[in-house]
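Numbers here simply count residues along the sequence, with the first being 1. Note that ligands are numbered from 1 as they come in the structure, with each ligand's atoms numbered from 1 the same way.
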Amino acid sequence: MYSEKVMDHFENPRNVGEIENPSGVGTVGNAKCGDIMRMYLDIDENHVIKDVKFKTFGCGAAVATSSMATELVKGKTVEEALKVTNKAVMDALDGLPPVKVHCSLLAEESIHAALWDYAEKKGLTIEGLKKPKSDIHEDEEEEEEY
Ligand code: FES
């Protein structure tokens, strides 16, 4: 059912953890399955993503897609990272079963949410970036389970 790459990123997820004082952090949730993904970005003055970490409270495909998404955005500029779509993440993982496509969307949205947070903090406008619909604000996180 899952490709070798999905299994690899599920069993050995890259860039798990958190970043202290991140340039941007985004948390998104899927209302249907209840899974949550949080993405931390460390962005330098040239708008390059120097470091990225994630935490996923979710299914195996969510872990694998967020892991792959971190690999794809690391070292990229903010503008390039914005172009990393859920499809790009799925392609890099050699595909996902149709019922798991929404998990990859969570990866894309969590990056967008973290970029949105960065742009807000810096007072920047990043062309083409919209606030993700499933963004969860800090004050709405009380029911989150760790
Ligand atoms: Fe919801 Fe995978 S089942 S993120």
Counting only heavy atoms not in Lys131, do more than 12 sit closer than 6.0 Å to its NZ atom?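 Yes, NZ of Lys131 has more than 12 neighbouring heavy atoms, counting only those of other groups under 6.0 Å.
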Atom NZ of Lys50 with >12 non-hydrogen neighbours under 6.0 angstrom: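 At most 12 heavy atoms, drawn from other residues, nucleotides or ligands, come within 6.0 Å of this atom.
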Quick one: angle His102 NE2 - atom 1 (Fe) of ligand 1 - Cys33 SG, to the nearest 10°?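 Seen from atom 1 (Fe) of ligand 1, NE2 and SG are separated by roughly 100°.
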Ligand 1 versus Lys32, non-hydrogen atoms closer than 4.0 Å: side chain, backbone, both, neither?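 Neither part.
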Between Asn30 and ligand 1, which part of the residue brings a heavy atom under 4.0 Å of the ligand: side chain, backbone, both or neither?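 Looking at Asn30 and ligand 1, no heavy atom falls under 4.0 Å.
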Are the charged groups of Asp91 and Lys5 less than 4.0 angstrom apart, N to O?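 Answer for the salt bridge query: no.
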Check against side chain to side chain donor-acceptor pair (under 3.5 Å), Ser134 and Glu109: CA-CA 8 Å; Ser134 58; Glu109 289 200 339; 2.3 Å; yes
For ligand 1, which atoms have a heavy atom of [X] less than 4.0 angstrom away?
X: Asp35; result: 1 (Fe), 2 (Fe), 3 (S), 4 (S)
X: Cys59; result: 2 (Fe), 3 (S), 4 (S)
X: Ala62; result: 4 (S)

Ser3 OG to Leu96 CG distance, which is reported to the nearest 0.5 Å: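 If we round to the nearest 0.5 Å, Ser3:OG and Leu96:CG are 7.0 Å apart.
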Could you give the distance from NZ (Lys53) to OG (Ser66), rounded to the nearest 0.5 Å?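 Between Lys53 NZ and Ser66 OG, I get 13.5 Å after rounding to 0.5 Å.
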So, is Cys103 placed with an N/O/S atom under 2.8 Å from atom 1 (Fe) of ligand 1, counting both backbone and side chain?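 For Cys103, the answer is no, given that no N, O or S atom comes within less than 2.8 Å of atom 1 (Fe) of ligand 1.
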